[in-house]
Novice: 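If you scroll down you'll find the structure; I have some questions about it.
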Amino acid sequence: MKKVKNSTDIHQKQGQELSKKLYRSTTEHAKRLDDARSCARTIGDLFTPSLQIKRRKFCEYCEQLIFSDPMLYGKKGEELLWRKGYYDVVSTAKKLKKREYSQEEICNLQTHINAGIGFYHHLISRLQCEFNLDLTHVIDFSVESQANSDVRSDCLDWATSSVHQCLIYLGDLSRYRLEVNPKSEPILAFRYYLQAISFKSDHGMPHNQMGTLAMNRNKFLDAVYHYMRCLACTVSFEGTINNLHSLFDKNSKYLEQLPLEPNPDCISQTDKNDQLKRFIARFLLLIDIWYFNKKVTKVYSLCHQTYKDLEECLSLLKTTNESCESPTESETDSVTSPELLSNDMIFKIVVICLLCISKLQKTGHNQVSTAVAFTLAIYSQLVQNVTNHIHESVLNYPLPEVEVKMEQTNGIVTDLLKKNHRKRNTSKLRRRKALPVEIESDASEGEDPAEAESAASSDDDDSFVSDDENILAESSDEESDVKKSDDSVKEENKENGTENEDKVDVIKKIKRMDVNDMLEIITEEGSLQAVKVINDWLMQDTEIIKSCGTNTRSLLRQITNMLNLININIKSSKISGIKLNVASVIKNEEKIPLSEDIVLKGVEILAKAHNDLDWNYLHKHGMNTKEESVTRIIKFMSFGKFLTSIEETGITFDEDKNVFVCKCEDNEEEKPSNAIVEDLEQEAESGSVITDKLDDKEADNKGQLMKMKHMGQLWLASEVRALESRVRGKASLSPYLVLDADALIKYTFMVKHFVHSRKFIVLIPSAVVSALDDLKREQSEARDAIRWLESQFHRGNRFFRAQRPQERAAIPFIKYPKKKDKEMCTYIQIIECCYFLAEQQKGAANLITLLIGNQNVLSNGENKEFSYVGLAQSAGISIESITQFYSKWKKNYKARR
C-alpha cells in the first residue's frame with residue numbers, strides 16, 4: 001500500500017532544501033569576503049565599491065538564511081553575519097592602521113559602523129514583528145508588533161536570545177565608533193549594553209563589554225564592578241576572569257607608583273586629588289586579596305588604611321545637585337580621573353563588597369568575616385554621612401514666614417506593623433522608662449569634621465550655628481502637642497545624663513518645616529541608594545544584625561538616628577508633585593522596585609530581597625524622582641520595623657512619639673583602636689582565624705564572633721580624630737551672609753563658592769538689586785552679576801535667595817541723617833534688612849555677617865558724618881570685607897580636614 005505524503009511535510013522538506021542552498025551560498029560569499037580582506041594592504045582596500053556591494057549582498061543572504069529556518073540556521077547565520085559582515089572589517093582596519101586614521105579612513109569606518117547599527121535595528125524590528133515579541137519596555141526603538149498566528153512556539157526562545165545578542169552587537173559597534181573617534185561620548189554604547197542587561201539579567205556578556213568600555217573610568221573601579229557583575233551572572237563570559245586578573249595587576253603597579261601619604265598638617269591640593277586615587281587603589285587591592293583568596297600578611301592594617309582613606313574622601317564628597325547622579329544614569333559620564341567621590345562610585349563600592357562576600361561564602365574561605373566587617377564599616381560611614389548632611393541641611397534651612405500647621409504623625413511604621421498583623425502592647429510602651437532618642441550619633445564612627453559642623457556638641461566652636469542661637473522662633477498654640485513631646489524627650493535625656501539640645505532642636509525644626517522641603521533634602525541624599533542596598537543584604541542575614549546588637553551597638557544607634565531623620569509625614573496631603581497612593585505603596589512596598597533594585601536585578605546575594613518584586617511595576621505605573629524618594633523612605637521604615645523584630649538589637653518603635661529608640665547600656669565599653677589592632681595581629685599570627693575545613697555551623701558561629709572584632713579596628717580609630725577636631729579652637733562663622741553690590745560685582749567667584757558650599761544662606765537685599773540696575777550701563781560686570789542673579793533666582797536654591805518685601809525693620813535708638821545720598825540710602829536699607837533677620841531669632845550670637853566688596857566703606861570712605869560700621873554694630877550685625885571672610889572660611893575649612 002502506498003504511503004500518502006502530507007502536504008505540510010512536503011512544504012517543510014522544500015523549505016529545508018531552500019535553507020541548505022542559502023547556507024551554501026552564504027558560506028561561499030563569506031569565503032570571497034575573506035579572500036578580499038586578506039589581500040587588503042591599506043584600509044582603503046577594505047572599502048572599494050565592488051567589495052562593499054559584495055558585503056551588502058552577503059548581509060542580505062544571512063538575513064534570509066536566519067529567517068528561513070531559525071532553529072537550524074539561526075545561530076549560524078547570526079555568527080556569520082557579525083563576524084564576516086562587520087567585525088572582521090573593523091579588526092583588519094586596526095591591524096592596517098599606521099599611526100592615526102586619515103579623514104577618509106575615519107569616514108569609511110564610521111559609514112561601515114553606522115550601516116551595521118542600522119542593519120541590527122532593522123533585524124530587531126523584524127524579530128519583534130515576526131515573533132510577536134513585546135519589547136516595549138526593553139528597548140527604546142521598538143515598533144508595534146502585529147499579531148501573527150503562524151509563530152512557532154519552539155522559535156520564541158531563539159528569537160529572544162537573538163534580540164539579546166543583537167543589542168550586544170549594537171553596543172560593540174558603538175564602542176568601535178569610539179575607537180575611531182575618541183572625542184565622542186560613550187553614551188550610545190552604554191545604552192545598548194544596559195538594554196541587553198535589562199532584557200536578560202542572567203547573561204554576563206554585556207557586563208564584560210561594559211568593563212572593557214569603562215577601563216579608564218574612575219581608576220579601574222567601574223571596570224572591576226562590571227567584570228565582577230559578569231562573573232556573578234548565571235551565564236558568564238569565560239574571558240572575564242583573565243580580564244579581572246589583568247586589571248588587578250595594573251592596579252597593584254599603579255598603587256606602587258602613587259606618592260607617599262603627605263603630612264596631614266600640610267596637605268596641598270595635589271595631595272587631596274591623590275587621596276581618592278589612593279583610596280580606590282587600596283580598595284581594589286583588598287578586593288583582589290579577598291576575591292581570589294590570596295594569602296597576604298597585615299591585611300587588617302590595609303583595611304584600616306582603606307577605611308581612613310574613605311573617611312577623608314567622604315569629607316570631600318560633592319554636595320551639589322550635579323553630583324547626585326543615580327547608578328542608572330551615571331554610566332554616560334566620561335570621568336577618567338575623578339577628584340571627588342561621587343554617589344555612583346559609592347554605589348559601585350558597596351556592590352563590589354557584596355559580590356566579594358557572596359563569592360567567599362560560596363567557596364567557604366576564611367576571609368569572609370573580614371570582608372563582612374569591612375562592608376559594615378563602610379555602611380557605618382555612609383549612615384553617619386547621610387545623618388550629618390540631613391542634620392546640617394535642616395539647621396541651615398530657613399523656616400517659612402507663616403508657620404506650618406502641625407499634622408498628625410505619619411504612622412508609616414505603624415501601618416507597616418499592622419500589615420503583618422503584629423500587635424504591640426501600647427500601654428507597656430507608655431509605662432516603660434523612655435530611652436534617649438538619638439537623632440545623630442555621639443562621637444561616632446566615621447564622622448568627618450568637614451561634614452559635621454552642625455552635629456558637634458556644645459563645645460564645638462566650629463559650628464556655623466552658634467551654641468547660643470535659638471534656631472526656632474516661638475511656637476504657636478497649634479504646636480503644643482509637638483512641644484510637649486519635645487519637652488518629654490529633653491527630660492528623658494536629663495535622666496540619662498545626656499543633654500542633647502541640638503538633637504531636640506532638629507526634631508522640632510523637622511516637625512515645623514514644610515514636608516516638601518524636608519522631602520527635597522532627603523531626595524538630594526544620593527548615597528541613600530547604596531545604604532538601601534546594604535539594608536536589603538542585612539535583612540536576609542539576621543546573624544550579622546544580632547552580632548551588632550551583642551557586640552557593637554554604635555552602628556545600631558547610627559541607623560536609628562538616620563531612620564528618625566527621614567521618618568517624615570509622607571502621608572501629608574500637602575506633598576506636591578506626586579501621584580502615588582501612599583497607603584497602597586505602604587501596603588505593597590515589598591513588590592515595588594526602585595532604580596537600585598533594577599540595576600542589581602539578578603545579583604544572587606540580594607535574591608531574597610528581590611524575590612517578591614514586581615519588575616514590571618515601573619513600566620505600568622511610572623515613578624518620578626520625588627515619588628521614588630517617597631517609596632525609598634517607606635522601604636527604610638520597613639527596614640526599621642525589621643530591626644524592631646530582632647530582640648538583640650534593642651531597637652523599639654515608640655508609637656506615641658513616632659520615633660525609633662535604641663537601648664543604650666551604661667556598661668558598654670569599647671576597646672581603643674590600638675588594642676583592637678594588636679588583638680587582630682596576634683590572632684592572624686597564631687592562626688586563630690576560621691579554617692575552611694570547619695563544619696558549616698561551626699564556621700558560621702565562629703565567624704560571627706570575629707566580625708565585630710574586625711569592625712572595631714576599622715572604625716574606632718576615627719573617634720580619636722573626631723574628638724580632636726572638636727577641641728581645636730576655630731572662629732565661628734555666621735550662617736547668614738548678606739552681600740552688597742561691590743561684593744557681587746568684584747568677587748562673583750567668591751559668592752559662587754559660598755552658595756555652592758551649602759554652608760551658608762546667602763541673601764541679596766532689594767537695595768543691592770536696585771544698585772546693580774543703576775550700574776549696569778556703566779559696568780559690564782554689573783550686567784554679568786544681574787544675569788547670574790536672574791538665573792539663580794529662576795532655578796531656585798534654598799541657600800541663595802532675595803530679600804522679601806516685609807524683611808525690613810527700622811533700627812531703634814538711631815538718629816538717621818536728614819540728608820542722604822544714594823550710597824547712604826542703599827547701605828541703610830541693607831542694614832535694616834539684616835536687622836530684621838536678627839530680630840527674628842533673638843539671642844543668637846553672630847547670626848548675620850554683611851560682606852562688603854569696597855574697603856572704603858569699612859573705613860567710612862568720604863563720609864565723615866555717618867559711620868556704616870557703627871550703624872551695623874548698633875544693629876548687632878557683623879560687617880567685614882568679603883576677601884577677609886573668604887580667607888578665614890577657607891582656612892577653617894582646610895583645618896577641619
Novice: Examine distances only and state if a side-chain atom of Ser25 and a backbone atom of Leu22 form a donor-acceptor pair shorter than 3.5 Å.
Specialist: no

Novice: CG of Leu600 to CG of Leu606: how many Å apart, nearest 0.5 Å?
Specialist: 6.0 Å

Novice: As an exercise, state the distance from CG of Leu170 to CD of Gln195, rounded to the nearest 0.5 Å.
Specialist: 8.5 Å

Novice: Would you mind reporting whether Phe131 and Thr160 have side-chain heavy atoms less than 4.5 Å apart?
Specialist: no

Novice: Counting heavy atoms not belonging to Lys294, are there more than 12 under 6.0 Å from its NZ?
Specialist: yes

Novice: Closest heavy-atom contact between Cys356 and Tyr291?
Specialist: SG-N, 3.7 Å

Novice: Side chains of Leu276 and Met345: closer than 4.5 Å at any heavy-atom pair?
Specialist: yes

Novice: Angle class for the Tyr176/Tyr87 ring planes (parallel below 30°, perpendicular above 60°, tilted otherwise)?
Specialist: tilted

Novice: Is the closest side-chain heavy-atom distance between Thr375 and Ile357 below 4.5 Å?
Specialist: yes

Novice: Can you name the closest pair of heavy atoms from Cys230 and Ser236 and give their distance?
Specialist: O-CB, 3.3 Å

Novice: Are His122 and Glu63 linked by a side-chain donor-acceptor pair shorter than 3.5 Å?
Specialist: yes

Novice: In terms of side-chain heavy atoms, does Asp172 have a donor or acceptor partner in Gln209 at a distance below 3.5 Å?
Specialist: yes

Novice: Check step by step if side-chain contact (heavy atoms from CB on, under 4.5 Å) holds for Leu72 and Ser19.
Specialist: CA-CA 9 Å; Leu72 188 60; Ser19 299; 5.8 Å; no

Novice: Please work out whether the ring planes of His610 and Trp615 are parallel, tilted or perpendicular, with thresholds of 30° and 60°.
Specialist: perpendicular

Novice: Do Lys359 and Leu231 make a side-chain contact, defined as non-hydrogen atoms from C-beta onward lying under 4.5 Å apart?
Specialist: no

Novice: Rounded at 0.5 Å granularity, tell me how far CG in Asp140 sits from CZ in Arg191.
Specialist: 4.0 Å

Novice: Can Arg83 and Glu79 be counted as an ion pair, charged N to O under 4.0 angstrom?
Specialist: no

Novice: Is the shortest distance from a Lys or Arg side-chain nitrogen in Asp34 or Arg37 to a carboxylate oxygen in the other one below 4.0 Å?
Specialist: yes

Novice: Have Tyr101 and Asn181 got a donor and an acceptor in their side chains that come within less than 3.5 Å?
Specialist: no

Novice: Does a side-chain N-to-carboxylate-O contact under 4.0 Å join Arg632 and Glu628?
Specialist: yes

Novice: Looking at CG of Leu65 and CG of Leu80, how far apart are the two atoms once the value is rounded to the nearest 0.5 Å?
Specialist: 7.5 Å

Novice: Passes side-chain contact (heavy atoms from CB on, under 4.5 Å), Phe279 versus Thr306? Steps please.
Specialist: CA-CA 6 Å; Phe279 162 67; Thr306 309; 3.7 Å; yes

Novice: Distance-only, no hydrogens or angles: does the Ser162 side chain make a donor-acceptor pair with backbone N or O of Trp158 under 3.5 Å?
Specialist: no

Novice: Sequence neighbours excluded, which residues qualify as ring-ring contact (aromatic ring centres under 6.0 Å, His included) partners of Tyr254?
Specialist: none

Novice: Less than 4.5 Å apart, side chain to side chain, heavy atoms only: is that true for Val224 and Lys348?
Specialist: no

Novice: List the atom of Leu284, the atom of Lys219, and the distance in Å for their closest heavy-atom pair.
Specialist: CD1-O, 3.7 Å

Novice: A quick test of your reading: do over 12 heavy atoms of other residues, nucleotides or ligands sit less than 6.0 Å from CD of Glu604?
Specialist: no

Novice: Kindly give the heavy-atom pair with the smallest separation between Gln529 and Ser595, and that separation in Å.
Specialist: NE2-OG, 3.1 Å

Novice: Is there a side-chain contact (heavy atoms from CB on, under 4.5 Å) between Asp88 and Leu33? Walk through the geometry before answering.
Specialist: CA-CA 10 Å; Asp88 283 350; Leu33 289 175; over 6 Å; no

Novice: Would the distance check show the side chain of Thr631 and the main-chain N or O of Glu627 forming a donor-acceptor pair, the cut-off being under 3.5 Å?
Specialist: yes

Novice: Any idea how Tyr169 and Tyr120 line up, ring-wise: parallel (<30°), tilted (30 to 60°), or perpendicular (>60°)?
Specialist: tilted

Novice: Tell me, do Cys39 and Asp45 make a side-chain contact under 4.5 Å, heavy atoms counted?
Specialist: no

Novice: Treating Ser161 as the side-chain partner and Asp157 as the backbone partner, does any N or O pair qualify as donor plus acceptor under 3.5 Å?
Specialist: yes

Novice: Please report the shortest heavy-atom distance between Arg177 and Asn114, naming the atom on each side.
Specialist: NH1-OD1, 2.6 Å

Novice: Run the salt-bridge test on Asp249 and Lys253 with the 4.0 Å N-O cut-off and return the result as yes or no.
Specialist: no

Novice: Is there a side-chain contact between Leu255 and Leu258 in this structure, where contact means two heavy atoms from C-beta onward sitting under 4.5 Å apart?
Specialist: yes

Novice: Within the supplied structure, the quantity of interest is the number of heavy atoms (other residues, nucleotides, ligands) at a distance under 6.0 Å from Lys591 NZ; does it exceed 12?
Specialist: no

Novice: What distance do Ser125 atom OG and Ile139 atom CD1 have between them, rounded to the nearest 0.5 Å?
Specialist: 6.5 Å

Novice: Drop me the distance from Thr26's OG1 to Lys31's NZ, to the nearest 0.5 angstrom.
Specialist: 12.0 Å

Novice: Verify whether one side chain among Asn208 and Asn243 offers a donor that lies under 3.5 Å from an acceptor in the other.
Specialist: yes

Novice: side-chain contact (heavy atoms from CB on, under 4.5 Å) between Leu286 and Cys303: does it pass, once the steps are laid out?
Specialist: CA-CA 7 Å; Leu286 264 180; Cys303 287; 3.8 Å; yes

Novice: Going by an N to O cut-off under 4.0 Å, is there a salt bridge joining Lys532 and Asp536?
Specialist: yes

Novice: Is any side-chain heavy atom of Met215 closer than 4.5 Å to a side-chain heavy atom of Leu247?
Specialist: yes

Novice: Check whether NZ of the Lys or CZ of the Arg Lys84 lies under 6.0 Å from the centre of the six-membered ring of Phe58 and within 45 degrees of that ring's axis.
Specialist: no

Novice: Quick one: sort the Tyr225 and His207 rings into parallel, tilted or perpendicular, breaks at 30° and 60°.
Specialist: perpendicular

Novice: Which atoms form the tightest heavy-atom contact between Asn251 and Leu285, and what is the distance?
Specialist: ND2-N, 3.6 Å

